[in-house]
Amino acid sequence: FSPSVLGTREHWDAAYDRELQTFQDIGDAGEVWFGEESMTRIIRWLEKQKVPLDSPVLDIGTGNGVLLIELAKCGFMNLTGIDYSPSAIQLSEKIREKEGMSNVKLKVKDFLAPSAELSGFEICIDKGTFDAISLNPDNAVAKRKQYVRSLCSVLKPEGFFLITSCNWTKEELVNEFREGFEVLEELPTPKFCFGGRIGNSVTALVFQRK
């Protein structure tokens, strides 16, 4: 991928500064990455698998934290969101407070440098964070490899990793996560037709840690 500002912390700090101000002004929680259906897709899969509601769940690059709020509304009780942007965590904290979801834990953390306390999760979720890392102008290849190592360190063996991406195909993601993970399922996403060929604008996969 070509390097992009979308892969820099400065971009996301500025973006969430704006969203934080907007929330304070008019109460708008901001953008839901990949739309509402992306959250519904994840929640439906967790419910279909009968994942226990007390399972530790980590949202990697939580942004405004809205996915965690929706999971909490569905009864999930052990929810943690991390983001390397302090402004994102400030925004998600304000939304959590507004929604009255005190059981959602939020932390300023860089997933590429996880602390020892970030471990033992049974579910990890990524909606766009791996995409952003892939666009980092500063050695994105090394950062992608570190992401996989970090994932191995925070996710329990046989735990599930749900990733939604607009940059990577299924085959490419399977290759990126081949060290330590096996793909279980591809979740249905909207299709489009262009030039007589059918494709997906978004890829959503479920991996299991070996």
Flag, side chain of [X] to backbone of [Y], donor-acceptor distance under 3.5 Å:
X: Arg209; Y: Cys152; answer: yes
X: Arg41; Y: Pro188; answer: yes
X: Arg96; Y: Val104; answer: yes
X: Asp131; Y: Cys166; answer: yes

Enumerate, atom names and distances included, each donor-acceptor pair closer than 3.5 Å involving a side-chain atom of residues 111-122, sequence neighbours excluded.
| from | atom 1 | to | atom 2 | distance (Å) |
| --- | --- | --- | --- | --- |
| Ser115 | OG | Lys109 | NZ | 3.1 |
| Glu117 | OE1 | Lys107 | NZ | 3.1 |
| Glu117 | OE2 | Lys109 | NZ | 2.9 |
| Ser119 | OG | Ala116 | O | 3.4 |
| Glu122 | OE1 | Ser55 | OG | 3.2 |
| Glu122 | OE2 | Lys156 | NZ | 3.3 |

Passing candidate, side chain to side chain contact (heavy atoms under 4.5 Å, CB included) with Ile95, options Glu99, Glu93, Lys98: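 Filter result, single survivor: Glu99.
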Angle between ring planes, Phe181 versus Phe207, binned at 30° and 60°: parallel, tilted or perpendicular?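 Phe181 vs Phe207 ring planes: perpendicular.
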In sequence, state the C-alpha distance, the side-chain angles, and the governing distance for Ser87 and Asp17, and then conclude on side-chain hydrogen bond (donor to acceptor under 3.5 Å, both in side chains). CA-CA 6 Å; Ser87 299; Asp17 277 341; 2.4 Å; yes
Atom [atom1] in [X], atom [atom2] in [Y]: separation rounded to 0.5 Å?
X: Asn167; Y: Ser134; atom1: CG; atom2: OG; result: 6.5 Å
X: Met77; Y: Leu53; atom1: CE; atom2: CG; result: 5.0 Å
X: Leu151; Y: Ile60; atom1: CG; atom2: CD1; result: 5.5 Å
X: Ser165; Y: Asp126; atom1: OG; atom2: CG; result: 8.5 Å
X: Leu135; Y: His11; atom1: CG; atom2: NE2; result: 10.0 Å
X: Ile89; Y: Tyr16; atom1: CD1; atom2: OH; result: 9.5 Å

Working for side-chain contact (heavy atoms from CB on, under 4.5 Å), residues Lys105 and Asn78: CA-CA 8 Å; Lys105 297 184 285 288; Asn78 196 346; 3.3 Å; yes
Would you say [X] and [Y] make side-chain contact, with heavy atoms under 4.5 Å?
X: Leu71; Y: Asp59; result: no
X: Cys124; Y: Leu162; result: no
X: Gln49; Y: Glu185; result: yes
X: Thr164; Y: Thr203; result: no
X: Leu67; Y: Lys127; result: yes
X: Lys145; Y: Arg149; result: yes
X: Thr40; Y: Arg44; result: yes
X: Phe161; Y: Leu205; result: no

Between Ile82 and Leu58, does the side-chain contact (heavy atoms from CB on, under 4.5 Å) criterion hold? Intermediate values first, please. CA-CA 8 Å; Ile82 61 168; Leu58 177 66; 4.0 Å; yes
Contacts of Phe160 that satisfy ring pair (Phe, Tyr, Trp, His ring centres under 6.0 Å) - sequence neighbours left out: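 Checked Phe160 against ring pair (Phe, Tyr, Trp, His ring centres under 6.0 Å); matches are Trp45.
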Donor + acceptor pair across side chains of [X], [Y] (<3.5 Å):
X: Tyr84; Y: Asp13; result: no
X: Gln146; Y: Ser150; result: yes
X: Thr62; Y: Asp83; result: no

Give the C-alpha distance, both sets of side-chain angles, the deciding distance and a yes or no for salt bridge (Lys or Arg N to Asp or Glu O under 4.0 Å) between Lys210 and Glu182. CA-CA 7 Å; Lys210 296 176 185 175; Glu182 59 182 351; 6.0 Å; no
Quick one: do Lys94 and Glu97 make a salt bridge, cutoff under 4.0 Å?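 Answer for the salt bridge query: no.
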As a quick check of understanding, evaluate side-chain contact (heavy atoms from CB on, under 4.5 Å) for Arg144 and Val148, giving each step before the final call. CA-CA 7 Å; Arg144 295 201 314 260; Val148 177; 6.0 Å; no
Taking atom NZ of Lys143 as the centre, does the number of heavy atoms from other residues, nucleotides or ligands within less than 6.0 Å exceed 12?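 For Lys143, atom NZ is crowded (more than 12 foreign heavy atoms under 6.0 Å).
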Least distance between heavy atoms, Phe76 atom then Val51 atom: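 Looks like CE2-O, 4.0 Å.
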